[in-house]
Amino acid sequence: MMKGSMATESPSVEFPVPAVEVISTLTDSHARVEYAPMHQQRLAFQIILPKLWVHEKDLGTQQDGIGDLVKIGIFAQNIPRDPAVVQVFCCRMPIEVGLMDWLRWQCEMFQTQILLARQLDLPMGKAFDIGGLYGPVAQQTVVRLTAFADDARIFLISSMVRRGRYPEHRDSVAYANCFFSLTSPTNSTLLEQWLRGMGHTPDFEVAHPASWDFREVLPKVPGKSAVDIFLAKEEVMVSYVRVKASSHEAAPASNEQRLKQATQELSDAKVLMRGQWLEDPDPSVRQIVDLIGCYTAEGRFQESACELRFGLVRRDGLEFAVTAITPPRRASVPIWLRSKRAYEIALTTASAL
């Protein structure tokens with residue numbers, strides 16, 4: 001089996017991850033289809049499908065702006081009613097977002113109930129995989145969505161089968177989603193260029209998306225240094241991340257003290273806490289290497305609700321505290337996606353010079 005994070009599956013609907021070696025045994029039943037959508041080689045891909053399936057040649061007129069899902073392939077079982085269907089989409093996304101968060105957003109917009117969500121290491125590279133159900137109970141459809149990034153583009157493989165017929169198509173869906181590949185991948189998984197900025201005394205560096213601004217904060221306490229990373233729109237700050245480095249001697253002794261200090265610093269910045277800090281359960285945050293704590297809370301800043309995140313990593317002899325102040329998800333999902341991703345990048349990349 002290929003590597004993937006642990007997750008709990010519904011006992012009645014399974015989403016297997018086949019081993020690559022299976023491909024050599026499928027020559028009688030399946031074929032590797034090579035397809036160049038609209039004769040564009042930059043979008044050309046390969047996908048493994050049952051031999052008797054057909055593909056739709058007319059993909060229709062579509063919007064292809066930034067963030068739009070563009071259908072670049074439709075493949076289906078050759079039957080007149082309720083065929084199993086695999087669709088392939090491409091989305092231009094030259095701004096950094098978390099792929100799992102983006103994929104969950106797609107499920108939300110299309111009212112798909114998520115049964116399983118995980119990260120996988122597939123032949124295409126690092127991918128994010130969701131299995132779920134769509135529609136009323138009497139007419140439920142099993143949905144499997146697999147997404148990965150390549151050079152400022154998100155590719156999405158979406159498979160749909162009526163629930164009652166899913167067991168017979170389960171493996172074919174797994175082959176289509178897990179063995180999909182680009183004909184000419186760029187091997188760049190970045191959606192947006194990352195830049196690096198530095199703080200001094202103690203000296204450290206941290207990465208941020210190129211569309212965000214960066215500034216160093218003048219040191220106030222010996223043994224501590226800090227930088228600000230922020231997203232502005234029309235000279236108004238939309239979202240904000242502060243990265244603070246502390247030497248071992250200057251760092252608080254416990255997470256309780258760290259949270260108390262973070263709360264005071266937020267208060268000094270006129271951010272009002274609403275409730276207490278809670279442990280952040282988000283898998284994409286909790287899997288960050290060297291993490292020693294991660295928390296979320298609600299707050300208010302300049303009369304508007306905000307979401308607060310506070311993460312801690314200990315790395316290279318320094319302790320890094322990363323605080324994020326962002327609009328809540330309900331206010332703007334696109335901004336929330338960008339903000340959470342900038343916070344994750346800061347936590348992942350902060351390191352001593």
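Please read these numbers as outputs of a predicted model, since none were measured by experiment.
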Q: Heavy atoms only: give me the nearest Leu99-Ala147 pair and the separation to one decimal.
A: CD1-O, 4.3 Å
Q) Is there a chain of hydrophobic side chains (I, L, V, M, F, W, Y, each step under 4.5 Å between heavy atoms) that links Leu347 to Tyr240? A) no
Q.
Hydrophobic clusters here meaning ILVMFWY residues chained together by side-chain heavy-atom distances under 4.5 Å, can you tell me if Val313 and Val227 are in one?
A. yes
Q) For the residue pair Ala346 and Val243, what are the closest heavy atoms and their distance? A) CB-CG2, 3.9 Å
Q. How far does CH2 of Trp102 sit from CG of Leu156, to the nearest 0.5 angstrom?
A. 5.0 Å
(Q) Checking side-chain polar atoms at under 3.5 Å, does Thr186 have a donor or acceptor matched by the opposite partner on Arg153? (A) no
(Q) Looking at every non-hydrogen atom in both residues, tell me the closest pair between Pro209 and Ala342 and how far apart they are. (A) CD-CB, 4.2 Å
Q. For residues 83-110, which residue pairs qualify under salt bridge (Lys or Arg N to Asp or Glu O under 4.0 Å), counting only residues two or more places apart or in two chains?
A. Glu96-Arg341, Asp101-Lys340, Glu108-Arg329
Q: Check whether any side-chain heavy atom of Ser29 sits under 4.5 Å from a side-chain heavy atom of Pro50, and report yes or no.
A: no
Q: Go through the steps for Ser211 and Glu192 under the test side chain to side chain contact (heavy atoms under 4.5 Å, CB included), then give the verdict.
A: CA-CA 8 Å; Ser211 57; Glu192 178 179 357; 2.6 Å; yes
**Q.** Pairs flagged by ring-ring contact (aromatic ring centres under 6.0 Å, His included) wherever residues 106-140 is involved - sequence neighbours left out
**A.** none
Q: Answer yes or no: is there an ion pair linking Glu265 with Arg242, defined by an N-O contact shorter than 4.0 Å?
A: no
Q) Should the pair Tyr175 and His30 be assigned to parallel (<30°), tilted (30 to 60°) or perpendicular (>60°) ring geometry? A) perpendicular
Q) Among pairs that include at least one residue of residues 17-28, which meet salt bridge (Lys or Arg N to Asp or Glu O under 4.0 Å), considering only residues two or more places apart or in two chains? A) none
Q: Check ring pair (Phe, Tyr, Trp, His ring centres under 6.0 Å) between Phe214 and all other residues, then give those that pass, not counting sequence neighbours.
A: His208
Q) Does Ile335 share a hydrophobic cluster with Trp105, counting links as ILVMFWY side-chain heavy atoms below 4.5 Å and allowing steps through other members? A) no
Q. Do you know the tightest heavy-atom contact between Ile229 and Ala207?
A. CD1-O, 4.2 Å
Q | Between CH2 on residue Trp212 and CG on residue Leu195, distance to nearest 0.5 Å | A | 13.0 Å
**Q.** His169 NE2 to Gln77 CD distance, which is reported to the nearest 0.5 Å
**A.** 4.0 Å
Q) Given Leu122 and Val17, is the side chain to side chain contact (heavy atoms under 4.5 Å, CB included) satisfied, shown in steps? A) CA-CA 9 Å; Leu122 298 175; Val17 183; 4.1 Å; yes
Q. Nearest heavy-atom pair of Val271 and Cys306: which atoms, and what distance?
A. CG1-SG, 4.2 Å
Q: Sequence neighbours left out, what passes side chain to side chain contact (heavy atoms under 4.5 Å, CB included) with Ala176? Give chain and number order.
A: Ile47, Leu49, Val86
Q: Check step by step if side chain to side chain contact (heavy atoms under 4.5 Å, CB included) holds for Leu133 and Val142.
A: CA-CA 5 Å; Leu133 298 172; Val142 177; 3.8 Å; yes
Q: Enumerate the residue pairs fulfilling ring-ring contact (aromatic ring centres under 6.0 Å, His included) with a member in residues 309-332, sequence neighbours excluded, ordered by first and then second residue.
A: Phe204-Phe320, Trp277-Phe310
Q | Pairs touching residues 61-75 that satisfy side chain to side chain donor-acceptor pair (under 3.5 Å), sequence neighbours left out | A | Lys71-Gln87
Q. Could you state the interatomic distance from SG (Cys178) to CZ (Phe15), rounded to the nearest 0.5 Å?
A. 11.5 Å
Q | Within residues 304-327 or reaching into it, pairs that qualify as salt bridge (Lys or Arg N to Asp or Glu O under 4.0 Å) - sequence neighbours excluded | A | Arg258-Glu319, Asp280-Arg309, Asp290-Arg315, Glu307-Arg309, Arg314-Glu319
Q: Answer yes or no: does atom CD of Gln111 have more than 12 heavy-atom neighbours from other residues, nucleotides or ligands under 6.0 Å?
A: no
**Q.** Within 6.0 Å of CG in Leu52, more than 12 heavy atoms from elsewhere
**A.** no
(Q) Please enumerate all residues that pass side chain to side chain contact (heavy atoms under 4.5 Å, CB included) together with Ser158, with sequence neighbours excluded. (A) Phe89, Leu145, Met160
Q.
Counting only heavy atoms not in Arg300 (residues, nucleotides, ligands), do more than 12 fall under 6.0 Å from its CZ?
A. yes
Q. Under 3.5 Å, is there a donor-acceptor pair linking the side chains of Thr326 and Ser339?
A. no
Q. Could you give the distance from CD (Glu303) to CG (Leu272), rounded to the nearest 0.5 Å?
A. 8.5 Å
Q) With a cut-off of 6.0 Å (strictly less than), are more than 12 heavy atoms of other residues, nucleotides or ligands near CE of Met237? A) yes
(Q) Could you check whether atom CD1 of Ile79 has more than 12 heavy atoms from other residues, nucleotides or ligands sitting under 6.0 Å from it? (A) yes
Q.
If I take atom CD1 from residue Ile72 and atom CG from residue Leu59, how far apart are they, to the nearest 0.5 angstrom?
A. 9.0 Å
Q: For Leu291 and Val285, work out which heavy atoms get closest and say how close.
A: CD2-O, 3.6 Å
(Q) Between Asp129 (side chain only) and Leu120 (backbone N and O only), is there a donor and an acceptor less than 3.5 Å apart? (A) no
Q. Just by distance, do the side chain of Gln40 and the backbone of Arg42 share a donor-acceptor pair under 3.5 Å?
A. no
Q: Could you tell me whether a side-chain N or O of Thr263 sits under 3.5 Å from a main-chain N or O of Leu259, the two making a donor and an acceptor?
A: yes
Q. Could you give all pairs that pass the ring-ring contact (aromatic ring centres under 6.0 Å, His included) test and reach residues 220-239, with sequence neighbours left out?
A. none
Q) In this structure, are over 12 heavy atoms from other groups packed under 6.0 Å from Lys126 atom NZ? A) no
Q. Under a 4.5 Å cut-off applied to non-hydrogen side-chain atoms, are Gln41 and Ser184 in contact?
A. no
Q.
Restricting to side chain to side chain contact (heavy atoms under 4.5 Å, CB included), what partner residues turn up for Asp203, sequence neighbours left out?
A. His200, Thr201, Leu353
Q) With a 4.5 Å limit on heavy-atom distance, are the side chains of Cys294 and Arg286 in contact? A) yes
Q) Does atom CD of Gln257 have more than 12 heavy-atom neighbours from other groups under 6.0 Å away? A) yes
Q: Check whether Ile74 and Ile157 end up in the same hydrophobic cluster, where Ile, Leu, Val, Met, Phe, Trp and Tyr are linked by side-chain heavy atoms less than 4.5 Å apart.
A: no
Q) Tell me the ring-ring contact (aromatic ring centres under 6.0 Å, His included) pairs involving residues 52-72, sequence neighbours left out? A) Tyr35-His55
Q | Residues, nucleotides or ligands: over 12 heavy atoms within 6.0 Å of Glu298 CD | A | no
Q. Any side-chain heavy atom of Phe179 sitting closer than 4.5 Å to one from Asn177?
A. no
Q: Could you tell me whether a side-chain N or O of Tyr295 sits under 3.5 Å from a main-chain N or O of Leu308, the two making a donor and an acceptor?
A: no
Q: Applying side chain to side chain contact (heavy atoms under 4.5 Å, CB included), run through Met124 and Phe155 and close with a yes or a no.
A: CA-CA 11 Å; Met124 68 183 75; Phe155 287 87; over 6 Å; no
